[in-house]
Every structure is written in structure tokens, then in C-alpha cells.
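Any value given below was found using the heavy atoms of this structure, including those in side chains, with hydrogens, waters and symmetry copies removed. Just so you know, these numbers come straight off a predicted model, no measurement behind them.
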Amino acid sequence: MRRAILFASFVTYISVAARTETPDTISVRQLNEVVVKGEKPQVRGEDGIMVVDLPSIVKDKPVTNILEALGYLPGVTNNNGMIWLTGASNVTIILDGEPTNLPLQNIYQLLYATPVDRLKNVEVMYSAPAKYHVNGAVINVMLKTPKPIDGLQGQVRAGYNQAHYGSYGGGIAATYAVKDWTFDLNYGLSRSKSWGREEAWSNHLHNGQNTMIEDDMRGISWDWSNTIFASAACKTFKLTYNGQIISNSKRRKLSSGTLGDFTNVYNMLSPVGYHNIALRYAASFGLTVGGDYTRYSENRSQSLFKGKDYLFGSENCQDINRHHVYIDQQHQLGILQLNYGAEYQHSKDHSSQHYCVLSDNPDFDDILNEDVVSFYAGTQCSFDWGLSFNVSAKGEYYHSKYQHNWNFLPQVGATYYGAHKSIFQLNLSTQRIYPSYWELHGGSGYINDYSTVIGNPELQPYIQYDAQINYILRQKYVATLYFQYGDKATVQLPYQSPDVLKLIYQTINMNYKRVAGLNLYAPFGVGYIWNTSVTANVFNQREKADHFHDISFDNSKWTFYGSLTNSFKFSQDSPVSLSVDFSYISPSLQGIAELSGMCRVDAGVKWQFGDKRCCELDLKADDIFNNWSPTMTINHAGQDYRMKVRDMTRNLKLTFIWRFNGFKPKDSDIDTSRFGTGK
């Protein structure tokens, strides 16, 4: 809680010697040396969409699943398992172009369980057409479809991860097709244990005097996680189940410092359950009807001790039922495609918090009903002279007991193929971002006797505007000029209360958050021996709030992010490949806070062996020097606070994979960003 190409150059040189005899003889043509050299395009543009041949980019990387592979997309950063798209305020991941209502963490888990060999290609949409029922940027992961001739294909995976503590897990993925039926299964089981540390120095101004409070907090968490994805499809029907069950989940934090020694214990009183079932029907005349049901449940307790004295205890429960249906119609009118449709979502969130001892915050047992209705219309078209575009507009009505409003959400995406093998893209998008359910209830928790996390029932959704201009040269080099504006964007930061000696964490609405920048991506290679890609991102960020509790701030800063990825092979058919990656980010800001710069070095080796190289062994070392953790500093308007994060981000991963019947891997992902009783 205290914590964004490949031009296809196909050059063929053929020497042909032709000799013609008399008219009634047969011409003889002899093909002397045939030398064919080609480079497969990495990036194509269409209707404002970038289609990326990701399998070819990661083929020599020690990558075993789709989640890891996405980090090598142009403009994408994988920050400790979180996917960020440069130039987009946030990004949604979908599979095979199908609308999804999965929470972010569930999508990540699904992608992590899906082998990378199942990957066909990836579509990057900075402004997704409304027919996808997703606002803003989208990464569409396209998977290979099994065929009856393939029979049963699959892979078995086992891995071990050594950070501060050891974690381990495994999984199985399989596909099968018979006649008109196709079946897909992914199952993963993991045992995780993690460690983190935070050192904080708070020079707290209270009643006209400064009190220095130092705190050193170490935390341990562990759990068992089961993830399953299963689908069955027959011609126009598709049924999908995605579930995650986390059991034996515990977290313990030990805090020592100026105010004494504290122990914070979090226990899951029952397994955390996430279940989603979806049904989709696509008719031959352009009609698509679908829907899904989601159930999420969580029940956990928190106990805070000072020494052996019991200071605070609470039991937090959350039970969410969400229904979602949609209908789409598509017409092809010559070169023009017309799309329109509607969707409805109803969520019922039953949350409660009961304190075991007296607290400044009252108990609550509350039901929050939320309804979202939307209608959209859109069109897309392609012209022979190089222009293609998609335009859509959605009207959305949102209703809850806290507010109700109408939103107009336009989307525009266009691609133009210019001269000299150049591609230009323009994207404009609008989306409304909603706060988590738990924060709206006002749920609270104690980090120690000094630091408190409290909810905010007055938290408002905010409108996010994004714009990007992409220039793609030779289907390989990509430059992205982008602008983001979040009207009343949210941020959660510590605040030293002038009334009581308390440090308060609360999510609040700012006036706005604005980001403008330029991202450059360029891949290079020396034959099969060395392949590299360079990313450079320079941006200016400004965040302003007139009412951050009882003070204000207006911060602005230029930041640079750069990365260099490298892969090496000893020969063209070598079963062994090596990788070395470098990343750096200069000092940045978050609301009123300044964040220090960070750097990291990753390295790995990939070895394929066995019959038809059906086995694979990957060894990867992430953040070798353990530097990918920031220091946060606040020094403004009487606020004087510094926190150094010392998490163990260095880890060593060893993964073994056995593929049977020529299986090619794939991955999966789940999103629970609005679920949960706190972190």
C-alpha cells in the first residue's frame, strides 16, 4: 500500500541463365546460385492498430509464458509482472479479440499459465474500437487455434524461484480439436513466499513542534495459488471458465523504531475465490451475443500488537457478484464496415468491516449496487491509396448510491501508409476510471500505531484522455509522441496530520495529472549472432491538487526511461541462447512525492534439447544488483517524509518445460483491480 517492428525487407537475388534454341525446341533455363535473404516484418499497421510478430522477437529469449513475452513488445514495460504501455494511462489485455470482464490480476495469472508457443501475434490498440467493449488502450493476444489433425498437444512446466525465500510451482497446458470442437486447458499451481522491507523517516510537525519518527518494517507473505482456464468451442459457440483460488494466505509485518516494536498479522480466514464463466455466440450474419458472470469472495483478519499487547483487530469481508451481457451487430457496406451494439453490467458488492477493539472508525456492513449501461456505434474503412481508420462513440450511463452520470466516450484510430516504407498512426481515446469498491466503503487498516490506511467514500471516478501519434519506419523502428490528461485523477500518498501524531494514507482526487512524452524503439541485429532492441522514453509529468487534505501542490518533472535488450546465439541452429537486458529510469514524481532513479540488469540462458527439442530449460536472473526499488521523498508545505523501499527484487528462476506432440506454448491473465479488502 506504501507502494508503452519489422519492416519487411524481402530481398531476393537470382541468377538465371536462359538459352533459346530454334522456335520448335524446348527452352532451357538453368538456375545457378539462389540466395534468398529476408527479414520478417515485426510491426504492421492497420485501422490504427499495430500488429506485432511477438513470437519472432522472443524466440531466443528465456521466456516461457505470454506474460513474460509481453514485456518485449515495442513500447511495453514489464515492471515486476505489471504490464505498462508507453503513452497510455492504463492498458487492458484481452484474448483473441473477445470482450473480457476479468480483473487485471486474473488476466496476469492466466497469461503466466499460458505457454509462449501458443502465441500467434499481438495487436496493440492505443484506442480500441467500441466493439471490443473496452475503453482506452488494449493489448489483444492472438492465440494459435488447434486443428483436428494436430491431436492432443500440450506441455508440462515446473519451476523454482529463489529470491529472499524460495518459491516453486508448476502447470499443465493442453489443446485438443475434434471435428467442429476445440478444447483448451491451462492449470497452474504455485507456492509463493516473499519478503520486503521499508525504512521510513518522518519529521512530523505537530502542535508547533517537530517529532522525528523512524520506522524499519520487514514483511513476509506466503500462499498457495491455483489458477485454471478452460474453454470449449463449437463453430459459433464458445464457453469459457477462468478461476483462481488462493489458500493458506498469510502475511506478517514486523515494525521497530521510535514508537516501539509492532507486529501486524494478516490471515485469510477462508480461501480467496475468483470465478468467471462466459458464453459467446457469433452468427454468420455479423451478430454477436455474449455474457459472463463473476463471483469474488474474500474474508481476512488483521491483528496489530505492540510487543505482547493487543492494540487493534478487525475482520474484513467482501463478496461480489457481477453480471455482464452485450450484443453487437456488424455490417459490411462495400469498403465500409458498420458496427453498433449495447452492453449492461450489474455489480453487487457486499462488504463489511468489524473491529475487535474500539477504533476511531465505525464498523460497517454495506451493500453497494452498481449499474453501467452503454450504447455504441462505430465504423472502419480501408482505402487502396493507404488510409485506414476506425471511429466509434459510446454513450455510458453509470449509477450507484454515491452518484449517477452520463459519459460520452469517443475513440479514433487511423493508419496511413506513406512513401519510403513509412507508416503513420493517430489514436485518440477517452475512458472513465472507477475507484475500488473497498475504498468507497471507507474501509481502513493500521500499518502500525502511527501509520493508518483509510478509505474515501467521496472518491470520484475520473475521465482520462489519451492521444498518440506513431511513426513506424520499415515496419521495424517505432516513434511514439503521446499526451495524457487525467481530469481529477487519483493518487494515494502519506500525509502527516497536523492535528494528531498520525501518518495517513488515503486515495484522493487531484485537479489533474498530465503527461507528455516521446518514446523511441529500434531493433538491430548482426545475423543470428546478436539481436538487440533499444527503447528511449522522455516525458514530462505534472500533477496538481488544490486540496490534498489541508495543503496543495503543483509538481512537474522531466523523466527519462531507457532499456537495452540483447540475445546471443553461437550458431544459427544452436540449441542454446543467451540474453542480457539493461533498464534505467531517472528520478520521477508521484503527486506530492519525488521518487529516486532506479536501474536493473537481467540475464538468462535458454537451452532446448531432446527429440525435436521437445524439452527446454530456462535459467533467468532478474535485477542482479537488487536496485529496482525507489526512495520516496516528500518535502513540501510542512510535510517532511522519506521512505526507502528495500524489497528483494533480485531473484533467480529455473524453469523446465516438456512439450508433447509438437505443442507450442501460450499464457494468461486476470484483473482484480477493483476487488479486495486492501493490500
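At least one donor-acceptor pair under 3.5 Å links the side chain of Q496 to the backbone N or O of D640. Using modelled atom types, one side-chain atom of T258 and one backbone atom of E214 make a donor-acceptor pair closer than 3.5 Å. Within the 3.5 Å criterion, the main-chain N or O of G136 finds no donor-acceptor partner in the side chain of S429. Under the 3.5 Å distance criterion, the side-chain polar atoms of Q639 are left unmatched by any main-chain donor or acceptor of N635. A donor-acceptor contact shorter than 3.5 Å links the side chain of S574 to the backbone of V576. A distance-only check finds a donor-acceptor pair linking the side chain of D466 to the backbone of S89 [under 3.5 Å]. One N or O on the side chain of N626 and one on the backbone of R650 form a donor-acceptor pair closer than 3.5 Å. When atom types are taken as modelled, the side chain of D554 and the backbone of K544 share no donor-acceptor pair closer than 3.5 angstrom. Judged by distance alone, the side chain of Q244 and the main-chain N or O of I228 form no donor-acceptor pair under 3.5 Å. No donor-acceptor pair under 3.5 Å is formed between the side chain of S451 and the backbone N or O of N448.
Closest heavy-atom contact between I472 and V43: CD1-CG1, 3.7 Å. Listed here is the closest heavy atom pair of M142 and N140: SD-ND2, 3.2 Å. Here the shortest heavy-atom pairing between L589 and S556 reads CD2-C, 3.6 Å. Annotation for S225 and I246: closest pair OG-CG1, 4.2 Å, computed over non-hydrogen atoms. What you find for K644 and S629 is that their closest heavy atoms are NZ-O, 3.6 Å. The nearest pair of heavy atoms linking N65 to E68 is OD1-N, 2.9 Å.
Atom NZ of K59 has 12 or fewer heavy atoms from other residues, nucleotides or ligands within 6.0 Å. Atom CZ of F570 is surrounded by 12 or fewer heavy atoms from other residues, nucleotides or ligands within 6.0 Å. Enclosure of atom NZ in K557 by more than 12 non-hydrogen atoms of other residues, nucleotides or ligands within 6.0 angstrom is indicated. When the shell of 6.0 Å around CH2 of W607 is examined, it contains 12 or fewer heavy atoms from other residues, nucleotides or ligands. No more than 12 heavy atoms of other residues, nucleotides or ligands lie within 6.0 Å of CZ in R252, so this atom counts as exposed by the packing criterion.
Taking the ring-ring contact (aromatic ring centres under 6.0 Å, His included) definition, one finds that Y485 meets it with Y512, sequence neighbours left out.
For the pair N90/I433, a side-chain contact is recorded, criterion being any heavy-atom separation below 4.5 Å from C-beta on. Under the 4.5 Å side-chain criterion, counting only non-hydrogen atoms from C-beta, I49 is not in contact with V124. No side-chain heavy atom of M643 sits less than 4.5 Å from a side-chain heavy atom of I634. No side-chain heavy atom of I447 sits under 4.5 Å from any side-chain heavy atom of S255.
Ring centroids of F656 and W658 are separated by 6.0 Å or more, keeping the two rings apart.
Side chains of S256 and R218: a donor on one and an acceptor on the other come within 3.5 Å. There is no side-chain donor-acceptor pair under 3.5 Å between T565 and D581. In this structure, a donor-acceptor pair under 3.5 Å is present between the side chains of S194 and S221. Remark: the Y482 side chain and the N537 side chain contain an N/O donor-acceptor pair separated by less than 3.5 Å. N519 and T480 share no side-chain donor-acceptor pair at under 3.5 Å. S422 and Y471 share a donor-acceptor pair across their side chains, judged by distance under 3.5 Å alone. Using a 3.5 Å distance cut-off with no hydrogens or angles, the side chains of S167 and N161 do not pair a donor with an acceptor. Side-chain polar atoms of N531 and S567 form no donor-acceptor pair below 3.5 angstrom. The closest side-chain donor-acceptor pair between S586 and Y561, if any, does not fall under 3.5 angstrom. Checking N566 against T532 by side-chain atom types alone, a donor-acceptor pair falls below 3.5 Å.
Salt bridge status for K606 with D60: absent, with no side-chain N to carboxylate O gap under 4.0 Å. One finds no salt bridge joining R197 and D647 here, because no Lys/Arg side-chain nitrogen approaches an Asp/Glu carboxylate oxygen to under 4.0 Å. The pair R659-E616 meets the salt-bridge criterion, with a side-chain N (NZ, NE, NH1 or NH2) lying under 4.0 Å from an Asp/Glu carboxylate O.
Rounding to the nearest 0.5 Å gives a distance of 14.5 Å between CH2 of W201 and CD1 of I213. Rounding to the nearest 0.5 Å gives a distance of 9.0 Å between CG of L595 and OG1 of T631. Note that the NZ atom of K250 and the CE atom of M268 stand 12.5 Å from one another [nearest 0.5 Å]. Atom-to-atom distance recorded for M598:CE and W628:CH2 is 4.5 Å, nearest 0.5 angstrom. In this structure, CD on E543 lies 8.0 Å from CG on L493, to the nearest 0.5 angstrom.
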Worksheet item: Can Y168 and S192 be said to form a side-chain hydrogen bond (donor to acceptor under 3.5 Å, both in side chains), step by step?
Response: CA-CA 7 Å; Y168 50 89; S192 301; over 6 Å; no
Worksheet entry | Check against side chain to side chain contact (heavy atoms under 4.5 Å, CB included), E594 and M632 | CA-CA 6 Å; E594 302 278 342; M632 179 177 69; over 6 Å; no
Discussion item. Test side chain to side chain contact (heavy atoms under 4.5 Å, CB included) on V63 and Y72; report intermediate values, then the result.
Written reply: CA-CA 10 Å; V63 169; Y72 292 94; 3.7 Å; yes
Worksheet entry | Check against side chain to side chain contact (heavy atoms under 4.5 Å, CB included), V534 and Y521 | CA-CA 6 Å; V534 180; Y521 171 85; over 6 Å; no
Worksheet item: Would V91 and V138 satisfy side chain to side chain contact (heavy atoms under 4.5 Å, CB included), going step by step from the backbone distance to the final call?
Response: CA-CA 5 Å; V91 61; V138 166; 5.6 Å; no
